[in-house]
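Here the structure is laid out as structure tokens; the discussion comes afterwards.
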Amino acid sequence: MITLLPGPVSAGGVTLRNHLVLAAGVLGTTGASLLRILRSGAGGVVTKSIGPIPLEGHPGPCLVPIDCGLLNAMGLPNPSVEFLDEISSLAGQPVVASIFGGSPEECAAVCRWFQGRVAGVELNLSCPHASGFGSALGTNPSLVEECTRAVASAGLPTWVKLTPNVTDICEIGRAAESGGASAIVAINTVRAMRISVGLRRPVLGNRFGGLSGRAVFPIAVRCVYELYDACSIPIVGCGGVSRAEDVLEMMMAGAVAVEIGSAVMEDISLFSRIGKELYSPDGIPAREIVGCAHE
Amino acid sequence: MITLLPGPVSAGGVTLRNHLVLAAGVLGTTGASLLRILRSGAGGVVTKSIGPIPLEGHPGPCLVPIDCGLLNAMGLPNPSVEFLDEISSLAGQPVVASIFGGSPEECAAVCRWFQGRVAGVELNLSCPHASGFGSALGTNPSLVEECTRAVASAGLPTWVKLTPNVTDICEIGRAAESGGASAIVAINTVRAMRISVGLRRPVLGNRFGGLSGRAVFPIAVRCVYELYDACSIPIVGCGGVSRAEDVLEMMMAGAVAVEIGSAVMEDISLFSRIGKELYSPDGIPAREIVGCAHE
Amino acid sequence: MSEGLPVPARITRVIPETPSVATFEFDAEFSFIPGQFVMVWVPGVDEVPMALSSASSITVQRVGDATAALFRLGPGDSIGIRGPFGNGFPRGKKMLAVAGGVGAAPLLPAVAAGGVEKVLLGARSRDELLFREKFASLASLSVATDDGSLGLPGFVPELLNPEDLASCDAVLCCGPERMMARVLALLVGWGCPGKGYFSLHRYMKCGVGICGSCCIDPGGLRVCRDGPIFSGDLLVEGEFGRYGRDAAGRRCPV
Amino acid sequence: MSEGLPVPARITRVIPETPSVATFEFDAEFSFIPGQFVMVWVPGVDEVPMALSSASSITVQRVGDATAALFRLGPGDSIGIRGPFGNGFPRGKKMLAVAGGVGAAPLLPAVAAGGVEKVLLGARSRDELLFREKFASLASLSVATDDGSLGLPGFVPELLNPEDLASCDAVLCCGPERMMARVLALLVGWGCPGKGYFSLHRYMKCGVGICGSCCIDPGGLRVCRDGPIFSGDLLVEGEFGRYGRDAAGRRCPV
Ligand SMILES: Cc1cc2nc3c(=O)[nH]c(=O)nc-3n(C[C@H](O)[C@H](O)[C@H](O)COP(=O)(O)OP(=O)(O)OC[C@H]3O[C@@H](n4cnc5c(N)ncnc54)[C@H](O)[C@@H]3O)c2cc1C
Ligand SMILES: Cc1cc2nc3c(=O)[nH]c(=O)nc-3n(C[C@H](O)[C@H](O)[C@H](O)COP(=O)(O)OP(=O)(O)OC[C@H]3O[C@@H](n4cnc5c(N)ncnc54)[C@H](O)[C@@H]3O)c2cc1C
Ligand SMILES: Cc1cc2nc3c(=O)[nH]c(=O)nc-3n(C[C@H](O)[C@H](O)[C@H](O)COP(=O)(O)O)c2cc1C
Ligand SMILES: Cc1cc2nc3c(=O)[nH]c(=O)nc-3n(C[C@H](O)[C@H](O)[C@H](O)COP(=O)(O)O)c2cc1C
Ligand code: FES
Ligand code: FES
């Protein structure tokens, strides 16, 4: 396997310590857990998605590990503006705040809370299981463009995270680009469900949820590859990555950096483990492989 | 685990020997292989998709087994009308002919070839990797309705197979129902890609392909569940089923019968194996569980 | 077969233990380490963490929606169970157990497994002393009640004395957090916080160490996965005994 | 790590064997049973089945697009390899091998593994006799050429005689299908079709027994998975020697 040169990575205006970023919503509820992940070798971290008002999330079960992945319907639990206290000790670190809202104005308002406190924001337009929020916006290109524009106008580097649950993800990616996104993050979870055969009902409290982990890796690679052709802003790959080779594969599809979520369940120190395998002083510069599978 | 009463099953006008049906495109190229699967305990078989002209399919690689599933881009290879010779020896058996075309007229013409020769047709509107055919039609509700109407007018029981690669599968399901479908089959494969890190290029000859197998099971269950609420015609579940408990889960989501494709790779005698676990003389009638997870 | 999905469990018996606590026995058996917990799905209501009080039971205090719904179930009703999760109590020879209220639940199987010589049990009143007879048959038992209706009038930490502590290898502790914080403070005073093992309660959503809702300051340790049992030296600085977080992730006092 | 994806293999050496056949050695090694095949991905062109002629080589006849593209590659170029797939030849003690043309490729490792006492090798002409020297060093060798430029003028099945057959346990056979069909006909005539093991060629797309493109009549056996080696008794009725199917699934004569 090839290795990469270590060193800082620039991804849509955010400077990361390496290519490996903690995905939104995974151990991102407290400042301490974000710091733990940064110290364990992540190049950057994305926080839990923060919205205009505190939410307790859906009733449980909220998450079940299944063959090849995780199924979750957390329901965007978040402390809203109080979250600023959590991350106050993380100033200067590569922290990206994940934000959401029910309208362009709400998104922009939440974004402004984070001005001067984070390296960038990630606009979550894609959570498939919070009614009124998330994919209600994220499947509509003109709303995506408006929300992006409203958030980007705050001047922070603005990553826009897309849902794969659309007929044509490129259309949504182009809308984010027109709205002024600095980068696209693909993908959020894939809409899914499991039923408890014993209890004869959907297993998640919210019935529907989002699939993540190994199962979605080929879907994520496809989305990154399509977006790389359709858009000209950088793409951050996300979905099912769990080993160094997956990181290379995502980069060859077109990703400048990679987010990792579900795989943290198996191994909370996977950032350093992957980093050790991925980087070496005689590695190649990442630009040699980003998008190389398109040639 | 509960068991079901054995006996014939009626699914959208087709009488099956049990609830387990071979999915389209899997060992469905020859009459002999279809017969082999029927003899090994399938309740019915769907043929390889047959179109208006012979196609050789995409250049290889056409299929790669990956973690949790298969990735394929066969490209709808098929002998077209010559296929009638293959199935001539299967008269009277529970054979469903999978058909496709580039327009309502083409679909209808292919359907008419099969009149009097099969128990029903399955209209494949959903193959995500054949340009001009398949999902070009299958993502457009009015084309879905037109194609369905054209095919259903031939008078054969008409199953319509949907792609999950849409923002709202219910809209497509309702279109099929309006067009006169006797049943909906959900789902076809999920658009996906893998890249060979060693060779730095997409691994499929067609670059893009469709994901099937275990990885898509939670997506398929979700689609069946959504369609059960949106439509009033029967639903045949398909995607990632590999064991008796999965069959029950699909049925609880709303499926009256279940198609199995990828899992045949691991075990070509899985129809009898699953049947043994699923049925017993003191089992419950299937109607007690079809859709029960909606209560 | 069951992946990480909840395992269906049929309730076989409900044993009232105190006015607010009952043990729910079910037909599924889990191999577990005392102190480990399961996520209990009350269908249609919620999923909440509960310690296993034996291989096939949980012992539950009625406090809110999910627990009240559980109390409405009886033999023949089904719940779903994920787990067991977490690390469990350490094993040892000369151990002391300190239990407050329903905190006795995870300690019962720990004491039953052997190695605990003495149990200190507290509750608000005599009626509320959980598993008093069971503990008495397994180890030497001292009790304290807030209202003085049995044993020492006052809080259970007051039963802890330096002699017992000096002669024991470990103190296993579970109960209300302020009670546990008091025990930790005593251990710190006696110079041995590391001898204490505390079973923490935090808001849990996933149970498997991924969602982050149960993380504690300052290290970002996950109660569901790195815990729920932590040795006292890991808890002396930070939120323990001071605050936790609610379902939304807001800080709230304990 | 590599799941079922093609393993990258760098070509290390290309050895011309006959005017139309070359052996491609690569830096990846596969543990395999002689007779098993791999799917060889020529990037940008196609993926085609090829028998392993050793743990790290294939021996290829140039016939069309994919094979021509392979012949344009040289040391340092990479291909992708999936497999090995299929069942492989049986092992035995007193065996006979019958090879026609590039059919010698899977038989070389079978003969090298021991147990084959005699090899019957045929080709159009002396130049086209594949692995003649290698076979001669491993077993007793008889040859036939269509043009009579070496050995028996005529077809290789004619080298087969009842005495050899009576004294051997199995006949391993690979070559053009009509040649193999002739061998099978001889075995049937001598009352022992089950002694013959034939390595079949059918259009293969998946290689793993799922797509159905390689299925043969009458049993619907999958050449890629249930084969490619079948004993003669399974082949006496049906399409063998008569027709196969092309990439579209249309029947075509062999
Ligand atoms: C590891 C662990 C083991 C536990 N073992 C037991 C036990 O053996 N017996 C027992 O009676 N109780 C136990 N608890 C506490 C039990 O989980 C709560 O009492 C229960 O969740 C209350 O739910 P409710 O809906 O009835 O109450 P609610 O009205 O929802 O809430 C009452 C209080 O319970 C707590 N709570 C609610 N939901 C959760 C949740 N998902 N995770 C954590 N706390 C929550 C909150 O602090 C809340 O303020 C344990 C908790 C943890 C973390
Ligand atoms: C199990 C097996 C083992 C084989 N081993 C060898 C070997 O060791 N050495 C060797 O030279 N050849 C071998 N072959 C034959 C080899 O696969 C074909 O010669 C090759 O596929 C031709 O590809 P092409 O693109 O060059 O030719 P094309 O011009 O595409 O076709 C020429 C002929 O090759 C056959 N062919 C093409 N593609 C395929 C395919 N995907 N699957 C099967 N047949 C195909 C067809 O019959 C076609 O008529 C083997 C075939 C099989 C099934
Ligand atoms: C428990 C959990 C919570 C998540 N919460 C969020 C969230 O709050 N905001 C968001 O944008 N994505 C959220 N996600 C999605 C992940 O960030 C990520 O897009 C997805 O899980 C795919 O990546 P993975 O396969 O590496 O997990 C969550 C995922 C999980 C598993
Ligand atoms: C090799 C292969 C070929 C397929 N060919 C077809 C086809 O011709 N027509 C079709 O409608 N679906 C086709 N499919 C899709 C399957 O019928 C099925 O919808 C899908 O694989 C999901 O089911 P599974 O997970 O059980 O395989 C094919 C799938 C595979 C793996
Ligand atoms: S409950 Fe989710 S990390 Fe502990
Ligand atoms: S090549 Fe696909 S089944 Fe044999």
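In what follows, chains carry the letters A, B, and so on, assigned in the order in which the sequence lines appear, proteins first and then strands, with residues in each chain numbered from 1.
- To the nearest 0.5 Å, atoms OG1 (B:Thr139) and CG (B:Asp168) are separated by 12.5 Å.
- Between chain B and the residues A:His294, A:Glu249, A:Arg201, the most heavy-atom pairs under 4.5 angstrom are made by A:Glu249.
- Of the listed residues B:Val224, B:Leu199, B:Val166, the one with more heavy-atom pairs under 4.5 angstrom with chain A than any other is B:Val166.
- Between chain A and the options B:Met251, B:Met250, B:Arg207, B:Glu295, the largest number of non-hydrogen pairs under 4.5 Å is found for B:Arg207.
- Using a 4.5 Å heavy-atom cutoff, the side chains of B:Asn165 and B:Val190 are in contact.
- Residues A:Leu137 and A:Val144 have side chains not in contact (no heavy-atom distance under 4.5 Å, counting atoms from C-beta outward).
- When every heavy atom of A:Cys107 is checked against every heavy atom of A:Gly101, the shortest pair comes out as SG-N, 3.6 Å.
- Looking at A:Ile2 and A:Leu248, their side chains come closer than 4.5 Å, going by heavy atoms from C-beta outward.
- Residue A:Ile169 holds its CD1 atom at 9.0 Å from SG of A:Cys231, rounded to the nearest 0.5 Å.
- Heavy-atom neighbours of chain A within the stretch residues 282-289 of chain B, taken at a separation under 4.5 angstrom, comprise B:Ile284, B:Glu288, B:Ile289.
- Only the side chain of A:Ile66 comes within less than 4.5 Å of a heavy atom in chain B; its backbone stays farther off.
- By the 30° and 60° cut-offs, the orientation of the rings of A:Phe208 relative to B:Tyr225 is perpendicular.
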Name every donor-acceptor pair, under 3.5 Å, that has one atom in a side chain of residues 211-222 of chain A and the other anywhere in the protein, sequence neighbours excluded.
from     : atom 1 : to       : atom 2 : distance (Å)
A:Ser212 : OG     : A:Ser262 : OG     : 2.6
A:Arg214 : NE     : B:Asp67  : OD2    : 2.8
A:Arg214 : NH1    : A:Gly240 : O      : 3.1
A:Arg214 : NH1    : A:Asp246 : OD2    : 2.9
A:Arg214 : NH2    : D:Glu3   : OE2    : 3.1
A:Arg222 : NE     : B:Arg191 : O      : 2.9
A:Arg222 : NH1    : A:Glu226 : OE1    : 3.0
A:Arg222 : NH2    : B:Arg191 : O      : 3.2

